[in-house]
Amino acid sequence: MAFMCRGCGEYSANKSGKKEIVALVGNPNVGKSALFSRLTHKSANISNYPGTTVEIFQAPLRFDGNVEIIDTPGTYSLIPNGEDERVTRDILLNWHIDKVILVVDSKNLDRGINLAIQIAEAGLPLVVALNMFDEALSKGILIDYKKLEKILKTKVVPTVAIENKGIKELYGSLKNAKVPKIDIKYPDEIEKAVKEIEHMLPESRISRRSLALMILSGDETLKDYLRKNLKEKELRHIDEVVNTLKRKFSIPVGYIINRTRQKYADRIVSEIIKKEEIKYKTFLDKLDDYIIHPFYSLFFIFVTILFFYYFVGVFGAGVLVDLMEEKIFNGIINPKIKEIVYTVFGDGIIKDLLVGEYGIFTMALTYAFAIILPVVTTFFIAFGILEDSGYLPRLASYVNIVLKKIGLSGRAIIPLILGAGCVTMATITTRTLSTVKERLIATYLLALAIPCSAQQGVILSLIAGVGILAFGIWFGVVIIVLVLVGYMLSKIIKTGESSFYIYELPPLRVPKLSNIIIKTWTRLKWYLIEAVPIFILGTLLLFVMDKLNMLNTLYRVFEPVTVNLLGLPREAASAFILGFLRRDFGAAGFFALYEKGLLDSVQIIVSVVTITLFVPCLANLLIMIKERGVKFTLVALITIIPTAFIIGGILNILLRAFMG
Amino acid sequence: MEIIEEALEYIWVLEEQEENTVENFLKVFDKDILERLVREGYIKIKGNGEIKLIGRGRKIAKKIIRRHRLAEVLLTTVFDVEKEASEGFACKFEHIIDEELTDKICTFLGHPALCPHGKEIPRGECCLKYTKEVKSIIIPLQELEIGKKAEIVYTLIKDKSLLERFSSLGLQPKRVVELKQKFPSFTIKLGSSLISFDREVAKSIYVKPLD
């Protein structure tokens, strides 16, 4: 299988069919993941924009351990348009799915029903969850779902996943899932072609008719599957039928097939929907007009940046770090531990290892819990609010023009912004970009110029010590580098075209506190599991080097860069070493230097810019190799390091000249 | 004369499909027509059997193709004639209408670039001037005022994946959209969802404004 994921391993074990496998399928951003976490005990990442789920999640049903639920990436059609959509089709094709829960956005019924038609054609039993039923009502859309049940001849359940409404009923309806009665007649030529190739196709979980329609639509992604299952002669015959059919129409066959389905769906929708024109505009509707406005939107961008600066930089990194570090760790915890260690082990190497200058408690755990934890907590809260508000895609369509200049479509801003949460996860989501060129550029820019949440946190706390001007310089330099490097890359990388940009904006919403809390908690848990061991490892490394007197040598070797070029103290070398392990760890190294009073204002700015541009963390490098290959990763690595140092060096000279 | 026009039109289509060989031409027309076309200086036959339109041959073919395809757009979009049926009417139409009327129809339709079958319509003088003397009822989405509603009349998209994206988002003829914003990106409201796209995409959507 092309996509490995958490939970896949257990799956192959019960292929025998002891457990019932139910797939959640639906258009993007209709709340599949929200429904998933209501149906299971597992919390998938839920956000208010399309494309959050790129990996497959699987977990047992909350109410019945014999049922496994699979969450899939959103899709408009079973004929994939992009890598993320392909995942869903492949699940239906290759996994032994017993039933489908089709999740439909009640506000966009026609699209959901189009997908229902396709799943029905595939011959899979389904139940329909009419999600966001409340939002549809508030927009004056009344749906006669009982009538829809009669038309489809299977269960239809209104739900509001985020408020846990309709979940029990949905689960209860599963046992009555049926294949809807859909009999669409396509134009004669297409029907004839279906008949001609149908009987040759391999047996699979989805019907031959459905498979034939996919092939006739010109679905290239099926080629491998067919090659594996068919003889050479049959393949050639199929190719012939496809090409003959193609020549009969001047527009793509896939389009004709979809139009036919869409007309069928529209007819169903017109029978079950009653629309009341709502004359007044809600507050959010009015707000939306300003957010997408060419001029007023600048105000929202400005406010968002300031919100991050004050909430994460000043409150999180200033107030909370003070509280945690000064009062709790250095005031209470560390002295106590020092005392205990001293009485148990006495003075010596074990004491140094645990509570010395490079001690596990005094350095690794204090960094992780006293400095970075408060910072990332505030960052995750702020980022979660931003995600759930639906603002991010609006920002994306605003900066689309700039991105186009650097060879990316507006779609690419989603991975770039996600990178502000975690660069590694964001690198995975670059799969959703439609051209190779975009994926390469986005991956490179993520590695170079996007600081992850934890790193931003520490950077903000360093910068907050200097003031908002320093913040402006850091932000400005990083953005300029991002645009310039992106522009250069778009000139260098010739493979693939810049694609068109079309994106559906999710509705603006007031973020739900409960979802923010769940999300922040899930991310914090993940952060602690991932980061703390590496912090301890890095500390051990420094400890050993210190004991072997290698740190001094290291400092001396790096002096031409750290001292001469960047104008930083020689100890900065250790921060860069830590930066290799984790981005935030490197920044934390500088934070420690700052706390010791070793950095002045200019040095702070130079060091935060350099460490932002400096190499991505170990985890991201591994993902880069997995997603883009060793060669690309190596090239990225050996270009990023000098870039970071050169820009840091230039900034050092400029700042010294202007600020003295 | 009509047969000459038909023959030149056919060669134009063959050229578009890069199938412009003598062999293909003779599948539909007689040999003496081919000879006449060469003799009267409409076409040239290369050594490898490739037919090329030249001089006035190209000029006439372009005019006919333009009329034919504009007629198709007119019939399918304004009069709602099925695409398959439009072909027959257009064949008659192309020989009746004159230059002036052709330009008027072109302007009325908003200077469409492609016919309903997705083939290119040769540009006329009116398109170059892009005059608005005849108020067109079908305009490119770009020209719609912000805040106004309009019905999608047709979309001119060659790219297959964009076409699929369009149909999956429900951007189809007869759907009513409201233009929310033109800059920096185009944003339209369709039903209860907002869709955002760039100028390149907007260019290919033609709408009929509603009051």
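So you know, we letter chains A, B, ... as the sequences are listed, proteins then strands, and number each from 1. Quick note: numbers below take in every heavy atom, side chains included, and nothing from hydrogens, waters or symmetry partners.
Neither the backbone nor the side chain of A/Asn114 has a heavy atom closer than 4.5 Å to any heavy atom of chain B. Interface residue A/Tyr255: only side-chain heavy atoms are found under 4.5 Å from chain B. For chain B, no part of A/Asn27 is nearby; none of its heavy atoms comes within less than 4.5 Å. Contact annotation for A/Ser297: neither backbone nor side-chain heavy atoms come within less than 4.5 Å of a heavy atom of chain B. Looking at B/Phe186, there are no atoms closer than 4.5 Å to chain A (heavy atoms on both sides), in backbone or side chain. Heavy atoms of B/Ile146 lying under 4.5 Å from chain A are absent altogether. Interface remark: A/Asp266 contributes side-chain atoms only to the contact with chain B (heavy atom separation under 4.5 Å). Using a 4.5 Å cut-off between heavy atoms, A/Arg394 contacts chain B through its side chain alone, with no backbone atom that close.
Heavy-atom neighbours of B/Gln17 CD from other residues, nucleotides or ligands within 6.0 Å: above the threshold of 12. Within 6.0 Å of atom NZ in B/Lys182, more than 12 heavy atoms from other residues, nucleotides or ligands are found, so the atom counts as buried in its surroundings. Around the CG atom of A/Asp188, the shell of radius 6.0 Å holds no more than 12 heavy atoms that belong to other residues, nucleotides or ligands.
Closest approach of A/Tyr76 to B/Leu169, counting heavy atoms only: OH-CD2, 3.4 Å. Smallest separation of non-hydrogen atoms from A/Ile292 and B/Gln181: O-CG, 3.2 Å. Heavy atoms only, all atoms of each residue included: A/Arg259 and B/Pro173 are closest at NH1-CD, 3.8 Å. The minimum heavy-atom distance between A/Ile502 and B/Phe166, with the atom names listed, is CD1-CE1, 3.8 Å.
Between the NZ atom of A/Lys263 and the CD atom of B/Gln172 there is a distance of 9.0 Å, given to the nearest 0.5 Å. If you take CD1 on A/Ile291 and OG1 on B/Thr187, they are separated by 11.5 Å, rounding to the nearest 0.5 Å.
In this structure, the side chains of A/Arg111 and B/Ser193 come closer than 4.5 Å at one or more pairs of heavy atoms.
Residues A/Asp110 and B/Arg175 are paired through a salt bridge, judged by an N-O separation under 4.0 Å between the basic side chain and the carboxylate.
Looking only at distances, no side-chain donor or acceptor of A/Ser397 sits under 3.5 Å from a matching main-chain atom of B/Ser196.
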